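Please read these numbers as outputs of a predicted model, since none were measured by experiment.
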Amino acid sequence: MAKDTFLNRKTTLNLKGKLADLGRPAVMAILNLTPDSFYNNSRVGTADDALKRTETFLNEGAKYIDIGAYSSRPGAAEVSTDEELNRIVPIVELLSKEFPEAWLSIDTFRAKVAKESIEAGAHLINDIAGGGMDEAMFQTIADLQVPYILMHMRGTPQTMQQQTGYTNIGLDLVDYFSSRVAELHKLGAKDVILDPGFGFAKTTDENYQLLHQMEDLDVFELPVLVGFSRKSMIYKFLGGGPAEALNGTSVLNTIALMKGADILRVHDVKAAAECIALVEKTRSH
């Protein structure tokens with residue numbers, strides 16, 4: 001079911017008392033504070049680099065900046081909580097001061113990192129583990145009263161690729177999200193965004209089957225975020241590597257938008273913003 005016909009879907013987020021409108025899809029830019037992110041052009045090494053990259057993202061049309069300090073690529077190295085905080089908090093403080101118009105998202109599965117980042121000026125949490133790697137996360141989100149991106153993944157970044165295999169991937173994700181959304185709402189969390197977790201604990205074929213069945217998530221009447229950007233599901237099928245996967249990313253983003261995606265999480269903001277503009281132009285006729 002296309003998004004513009006899904007009348008009951010939630011279209012706003014409460015970001016520390018300010019409303020973000022999801023009536024039109026938005027772009028979330030990836031800001032990697034890690035030395036080992038799978039796409040090396042996305043890595044940011046200094047505070048000055050973070051400022052320049054964020055300014056570019058915003059000028060190109062990003063509404064959200066997703067700040068991560070723990071690489072979630074398959075087999076990524078472990079990063080301590082203290083190291084994650086040391087990487088993230090100063091950048092959050094800097095960006096919230098320099099770009100007050102930007103919504104800052106924190107890519108973490110740790111409740112402590114979530115709490116301290118929100119206190120430093122961030123607005124929402126993006127948890128690749130869906131609460132599965134820190135039992136305190138859901139209560140922390142409810143206490144903070146910030147939007148929460150709930151992603152589907154099995155296992156951990158180190159083990160997820162050994163945990164593929166689904167009877168019906170669309171229905172499996174509905175089951176997964178049903179229990180977790182209910183738990184979050186029971187605790188008092190207000191704004192939940194669903195992320196199907198493309199590339200996480202899914203084979204290449206399973207990723208495409210999931211995209212085919214993405215409308216199954218409409219049953220929740222919640223915003224949906226997708227993240228295909230330069231992932232192996234693209235270049236393992238088409239050839240090349242992350243550096244050659246921008247065109248494939250744009251194609252999948254366009255398909256996802258037609259299926260109702262609300263947020264595109266990307267490395268390449270301008271290309272994603274153009275996908276949104278063209279899809280919206282098509283829908284206006």
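A 6.0 Å sphere centred on CG of Asp205 holds no more than 12 heavy atoms belonging to other residues, nucleotides or ligands. No more than 12 heavy atoms of other residues, nucleotides or ligands lie within 6.0 Å of NZ in Lys236, so this atom counts as exposed by the packing criterion. Open room surrounds NE2 on His212; 12 or fewer heavy atoms of other groups in view lie less than 6.0 Å from it.
Not a single donor-acceptor pair under 3.5 Å links the side chain of Glu135 to the backbone N or O of Gly132. Of the possible donor and acceptor atoms, one in the side chain of Asn14 sits under 3.5 Å from a partner among the backbone N and O of Gly17. Without hydrogens or angle criteria, Tyr64 side chain to Leu124 main chain gives no donor-acceptor distance under 3.5 Å.
The minimum heavy-atom distance between Ala62 and Ile65, with the atom names listed, is CB-CD1, 4.4 Å. In terms of heavy atoms, Phe138 sits closest to Gly130 at CZ-O, 3.3 Å. The minimum heavy-atom distance linking Asn253 with Cys275 is given by the pair CB-SG, 4.4 Å. Pairing each heavy atom of Val224 with each of Pro196, the nearest pair is CG1-CD, 4.2 Å. Closest non-hydrogen pair, Ser117 versus Ile106, comes out as CB-CG1, 3.5 Å. Smallest separation of non-hydrogen atoms from Phe177 and Leu194: CD2-CD2, 3.8 Å.
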Would you please test Glu84 and Arg110 for salt bridge (Lys or Arg N to Asp or Glu O under 4.0 Å) and show each step?
-> CA-CA 9 Å; Glu84 191 177 359; Arg110 290 172 169 142; 2.7 Å; yes

Should Asp49 and Thr46 be marked as a side-chain hydrogen bond (donor to acceptor under 3.5 Å, both in side chains) after you check the CA-CA gap, both sets of side-chain angles, and the distance that decides it?
-> CA-CA 5 Å; Asp49 288 343; Thr46 68; 3.2 Å; yes

Check against salt bridge (Lys or Arg N to Asp or Glu O under 4.0 Å), Asp143 and Lys115 | CA-CA 9 Å; Asp143 292 343; Lys115 183 176 186 296; over 6 Å; no

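Cation-pi geometry between Arg230 and Phe228 is not satisfied (NZ or CZ under 6.0 Å from the ring centre, within 45° of the ring normal).
Follow the hydrophobic side-chain contacts under 4.5 Å out from Val279 and you reach Val251 in the same cluster.
You'll find the side chain of Val226 stays beyond 4.5 Å of the side chain of Ile263, heavy atoms only. When side chains are defined from C-beta on, Ser105 does not count as touching His123, because their heavy atoms never get closer than 4.5 Å. Contact annotation: the side chain of Ile149 approaches that of Met28 to within less than 4.5 Å [non-hydrogen atoms, C-beta and beyond]. Between Asp195 and Leu150, the closest side-chain pair of non-hydrogen atoms is not below 4.5 Å. Taking the side chain as every heavy atom from C-beta outward, Thr249 and Lys231 never approach each other to under 4.5 Å.
A donor atom on one side chain and an acceptor atom on the other are found under 3.5 Å apart for Asp127 and Tyr148. A side-chain donor from one of His152 and Lys202 sits under 3.5 Å from a side-chain acceptor of the other. A donor-acceptor pair shorter than 3.5 Å can be found between the side chains of Gln213 and Asp216.
The side-chain contact (heavy atoms from CB on, under 4.5 Å) test with Val92 singles out one residue from Ile88, Leu95, Leu94, and that residue is Ile88. Among Ile193, Asp107, Thr108, the single residue meeting the side-chain contact (heavy atoms from CB on, under 4.5 Å) criterion with Asn126 is Asp107.
Remark: Phe198 CZ to Met214 CE distance equals 6.0 Å, nearest 0.5 Å. Once rounded to the nearest 0.5 Å, the distance linking CE of Met137 with CZ of Arg180 reads 13.0 Å.
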